[in-house]
Number of protein chains: 2
Amino acid sequence: MNLKQLSEQLGLSQTTVSRALNGYPEVSAATRLRVEAAAKESNYHPSTRAKGLATGRALAIGHVIPMSTKHEMVNPVFGDFIAGAGETYARNGYEMILSIVDDSNEDQIYRSLKLRRAVDGVIVHGPRIDDPRIALLSEIGMPFAVHGQVTHNVLPYTFLDVDNHDAFATATDYLFDLGHRRIALINGLETMDFAYRRRSGYEASLRAHGVAIDPALMRSSEMTEVLGYESARDLLGNSNAPTAFICASLISALGVRRAIEERGLVMGKDVSVITHDDMLSYLQNGGETPIFTATRSSVRTAGRRLAESLLHAIEHPNNPPQETILKCEFVVGHSTGPAPRKDEHGF
Amino acid sequence: MNLKQLSEQLGLSQTTVSRALNGYPEVSAATRLRVEAAAKESNYHPSTRAKGLATGRALAIGHVIPMSTKHEMVNPVFGDFIAGAGETYARNGYEMILSIVDDSNEDQIYRSLKLRRAVDGVIVHGPRIDDPRIALLSEIGMPFAVHGQVTHNVLPYTFLDVDNHDAFATATDYLFDLGHRRIALINGLETMDFAYRRRSGYEASLRAHGVAIDPALMRSSEMTEVLGYESARDLLGNSNAPTAFICASLISALGVRRAIEERGLVMGKDVSVITHDDMLSYLQNGGETPIFTATRSSVRTAGRRLAESLLHAIEHPNNPPQETILKCEFVVGHSTGPAPRKDEHGF
DNA sequence: AACCATACCCAAAGCGCTTTGGAAGCCATT
DNA sequence: AATGGCTTCCAAAGCGCTTTGGGTATGGTT
């Protein structure tokens with residue numbers, strides 16, 4: 001069933017039917033009702049492709065997932081993020097198109113999406129420090145919205161980010177308040193902008209408490225259980241081991257916990273752990289009462305809201321870019337406690 | 001730059017340029033080369049939409065993700081699966097479109113995708129026992145491929161699955177060989193087809209070893225760390241606790257390990273654990289040597305291969321459906337060992 | 001010299017929609 | 001009775017591509 005058939009069946013022109021269906025005013029209430037009823041009854045759905053051709057709009061948003069050899073981006077956060085974004089698209093009649101691409105020709109993909117007019121805009125995932133994509137997308141005139149921020153960037157752009165600096169400063173402050181002085185940071189890859197900001201929040205708190213920044217207490221790697229475990233195992237093996245850990249991800253934190261327990265220590269008593277928690281649907285930080293003390297912010301909500309910002313930017317190209325920064329919630333779980341007295345474990 | 005402009009620039013007709021670019025034989029090698037060079041140089045990319053309109057093909061594959069209130073499907077497996085499928089699409093000039101939809105109007109979405117001619121086919125994720133989608137898609141004439149199988153279904157369909165029955169029977173057999181008799185199953189939701197098959201593999205092994213099936217040793221829930229932990233904690237608290245666990249997912253297994261360690265027991269010595277491992281890129285089962293003994297099969301490879309099957313089915317509608325069953329690899333890690341003697345822990 | 005393949009190429013229709021630029025009908029004003 | 005302003009509708013062009021149904025040289029055969 002297409003427009004032509006529908007209009008013939010109704011004895012109207014395609015113009016009128018199209019207008020009735022799209023809410024234009026040039027059609028009487030009576031005919032509009034009649035048209036809408038007929039459309040529903042004969043299960044008429046306009047072809048997205050034809051519509052797109054005619055209007056010049058794709059009614060689709062692209063998500064480009066760089067798939068480095070390091071796999072960093074096919075990450076657990078992604079599933080929840082697009083679930084959130086998908087809600088927004090569904091509500092607004094947009095489609096989500098996904099491109100998995102290896103880093104080498106990321107440029108290519110964006111250019112190609114633009115030239116083929118395949119999407120009306122894109123979401124930029126996993127921004128790195130000084131990320132070149134901002135400049136690229138601005139240059140080719142593709143509307144975009146960034147999940148995160150881009151340090152050193154001077155161009156204006158739409159983004160949504162959690163306040164990573166604040167979250168990690170708060171977490172570090174909290175540990176200081178509990179009496180900890182040697183606090184380790186198990187960070188994500190610091191080429192990623194979010195990891196850079198988290199570290200700077202951590203360092204700011206250290207400075208504020210007059211504690212020297214000790215590179216030996218900081219690790220930066222992909223946020224996997226195994227790497228969290230290995231980092232913590234090494235750190236706990238040192239003579240001057242930390243009494244607390246701050247983790248960039250719940251997954252790393254699981255690894256850290258394993259290393260702690262493996263040494264016969266008790267998390268929350270001998271060693272404290274705070275983690276950032278993206279509130280992933282399948283990896284929850286306990287039930288009612290959280291296991292880990294955490295800074296948390298739902299990545300799914302982030303997806304929903306950033307998609308809204310992007311659609312807004314597409315529909316109002318002249319408005320200034322929307323910038324959203326979400327504060328994390330700080331929740332206290334069982335993984336933190338007062339710093340142990342030095343003699344207790346022979347430190 | 002569009003076809004018209006390109007052809008004018010070349011002094012050729014649109015027909016010839018189109019044919020040259022699409023590899024039709026009616027054009028001389030010389031002009032073809034000339035056209036291709038010009039296309040590359042002026043960065044010509046045909047509009048997918050226009051192409052689709054003209055050919056009647058969408059050049060896109062749909063992935064519909066049912067987003068139940070239980071979040072089961074926005075699951076960690078999904079990210080890797082689509083990364084794999086994406087590789088196939090990229091190689092074949094297809095786009096992947098994702099629809100997040102809540103279960104109530106899943107029908108709607110499939111019908112709508114069909115009527116709007118938005119995709120050439122769909123991948124069915126997370127098939128349930130007796131899944132109604134097979135019948136629906138067959139009825140509306142939408143090509144599809146299932147990630148998994150559908151028990152009780154009689155219609156022919158294209159699918160790819162791991163041999164879940166075999167994998168879990170093998171795992172259970174292995175534990176019997178180590179002397180275990182009380183083996184718990186921490187399964188996924190048994191409305192899901194894969195979980196049903198895993199359980200039947202487990203039960204088959206039990207029967208083969210003359211051990212009664214004990215419902216008290218079997219749990220079925222979403223595969224989260226917390227639920228894995230709680231199940232194991234409860235089971236280990238019983239007077240007649242299991243000496244071994246089989247988990248449906250590495251994430252559950254992490255929870256099981258936590259419960260084991262919390263009781264001061266040692267995994268691989270006091271209690272054995274085998275898990276199924278989807279080889280997710282961000283959640284690996286150790287490095288060189290696996291932590292958990294596991295049945296494993298890359299879900300990413302599954303994505304790549306199932307997408308190939310679907311494209312094949314689309315291009316050769318009359319061929320019989322491709323059915324692929326992948327055997328799992330069985331790897332031995334540190335999480336399994338001989339069953340402890342009864343008196344050791346007061347069992 | 002006339003004929004026929006063969007190799008190249010083209011004009012135009014069509015895919016399903018939106019949108020421009022009217023036209024027709026109707027009523028109230030002058 | 002002519003004018004003008006609404007309301008309601010329509011024919012046709014156009015979005016960028018593919019594909020049908022040709023046409024025109026070119027060169028080899030009789």
Side-chain angles (χ1 to χ4, degrees), chain A residues 1-36 38-39 42-60 93-95 112-120 315, chain B residues 1-36 38-39 42-60 93-95 112-120 315:
Chain A
M1 173 63 65
N2 58 24
L3 227 212
K4 190 171 170 196
Q5 294 166 346
L6 181 63
S7 59
E8 279 167 0
Q9 173 185 318
L10 279 161
L12 292 171
S13 75
Q14 295 190 39
T15 311
T16 304
V17 176
S18 168
R19 283 179 168 159
L21 259 19
N22 292 310
Y24 284 78
E26 301 93 333
V27 47
S28 69
T31 30
R32 167 160 299 144
L33 251 42
R34 201 160 66 91
V35 170
E36 282 170 351
S42 39
N43 217 337
Y44 168 74
H45 283 239
S47 148
T48 316
R49 248 191 314 291
K51 197 162 189 157
L53 231 206
T55 56
R57 306 181 47 202
L59 291 175
Y94 277 74
E95 238 124 54
S112 155
L113 283 174
K114 172 73 182 181
L115 291 166
R116 290 178 303 147
R117 302 143 208 105
V119 300
D120 295 322
E315 274 152 35
Chain B
M1 173 64 63
N2 59 25
L3 226 212
K4 190 173 171 194
Q5 294 166 344
L6 182 63
S7 59
E8 279 167 1
Q9 173 185 318
L10 279 161
L12 292 172
S13 75
Q14 295 189 40
T15 311
T16 304
V17 176
S18 168
R19 281 178 168 158
L21 258 19
N22 291 310
Y24 283 79
E26 302 92 334
V27 47
S28 69
T31 29
R32 166 161 298 141
L33 251 43
R34 202 160 65 90
V35 170
E36 282 170 350
S42 38
N43 217 337
Y44 167 74
H45 284 239
S47 148
T48 315
R49 250 191 314 289
K51 197 162 187 156
L53 232 207
T55 57
R57 306 178 50 203
L59 292 174
Y94 277 74
E95 238 123 56
S112 156
L113 284 173
K114 172 73 183 181
L115 291 165
R116 290 179 302 146
R117 303 142 209 107
V119 300
D120 295 323
E315 274 152 35

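Predicted, not measured: the structure shown is a model, and the values here were computed from it. Naming convention: chains lettered A, B, ... in sequence-line order (proteins, then strands); numbering from 1 in each chain.
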Quiz item: Any side-chain heavy-atom pair from A/Gln14 and A/Ser18 closer than 4.5 angstrom?
Solution: no
Quiz item: With nearest nucleotides of DNA chain C determined for A/Ala54 and B/Pro25 from heavy-atom distances, which residue corresponds to the more 5′ nucleotide?
Solution: B/Pro25
Self-check item: Length of the line joining B/Leu3:CG and D/dT19:P, which is rounded to integer Å
Solution: 12 Å
Quiz item: For D/dT18, does OP1 or OP2 lie under 4.0 Å from any side-chain N or O of B/Lys51?
Solution: yes
Quiz prompt | side-chain N/O B/Thr55 vs D/dT18 OP1/OP2, d < 4.0 Å | solution = no
Quiz item: Do the side chains of A/Asn43 and A/Met1 get nearer than 4.5 Å, heavy atoms only?
Solution: no
Quiz item: Can you name the nearest heavy-atom pair linking A/Asp120 to A/Ala58, along with the distance?
Solution: OD1-N, 2.7 Å
Self-check item: A/Arg19 CZ to C/dC17 P, straight-line distance once rounded to whole Å
Solution: 16 Å
Practice problem: Side-chain contact test, heavy atoms from C-beta onward, threshold under 4.5 Å: evaluate it for A/Val119 versus B/Glu95 and give yes or no. | Solution: no
Practice problem: Establish, with yes or no, whether the OP1 or OP2 oxygen of D/dT20 is under 4.0 angstrom from a side-chain nitrogen or oxygen of B/Thr15. | Solution: no
Quiz item: Checking side chain to side chain donor-acceptor pair (under 3.5 Å) for the pair A/Arg57/A/Tyr94: CA distance, chi angles, key distance, verdict?
Solution: CA-CA 10 Å; A/Arg57 306 181 47 202; A/Tyr94 277 74; 2.7 Å; yes
Quiz prompt | For atom CG of B/Leu21 and atom P of C/dC9, their distance in whole Å | solution = 14 Å
Quiz item: Is any side-chain nitrogen or oxygen of A/Ser13 closer than 4.0 Å to OP1 or OP2 of D/dA11?
Solution: no
Quiz item: In whole angstrom, what separates A/Leu59's CG from C/dC17's P?
Solution: 13 Å
Quiz item: How long is the line joining CG of B/Leu12 and P of D/dG23, in whole Å?
Solution: 20 Å
Quiz item: Does A/Thr31 put a side-chain nitrogen or oxygen below 4.0 Å from OP1 or OP2 of D/dC9?
Solution: yes
Self-check item: Rounded distance (Å) that lies between atom P of C/dC17 and atom CZ of B/Arg117
Solution: 6 Å
Quiz item: Does C/dT19 have OP1 or OP2 sitting under 4.0 Å from an N or O in the side chain of A/Tyr24?
Solution: yes
Quiz prompt | Separation of D/dG16 C1' from B/Lys4 NZ (nearest whole Å) | solution = 10 Å
Quiz prompt | Nearest-nucleotide pick for B/Asn2, side chain only, options being C/dC9, D/dG16, C/dT19 | solution = D/dG16
Exercise. Establish, with yes or no, whether the OP1 or OP2 oxygen of D/dT18 is under 4.0 angstrom from a side-chain nitrogen or oxygen of B/Asn22.
Key: yes
Quiz item: Could you give the CD-to-P distance, from B/Gln14 to D/dG14, as a whole number of Å?
Solution: 14 Å
Quiz prompt | Pairwise 5' ranking along DNA chain C for B/Val17 and A/Thr16, keeping only the more 5' one | solution = B/Val17
Practice problem: Tell me what B/Ser18 touches on the nucleic acid: a base, only sugar-phosphate, or nothing, going by heavy atoms under 4.0 Å. | Solution: base
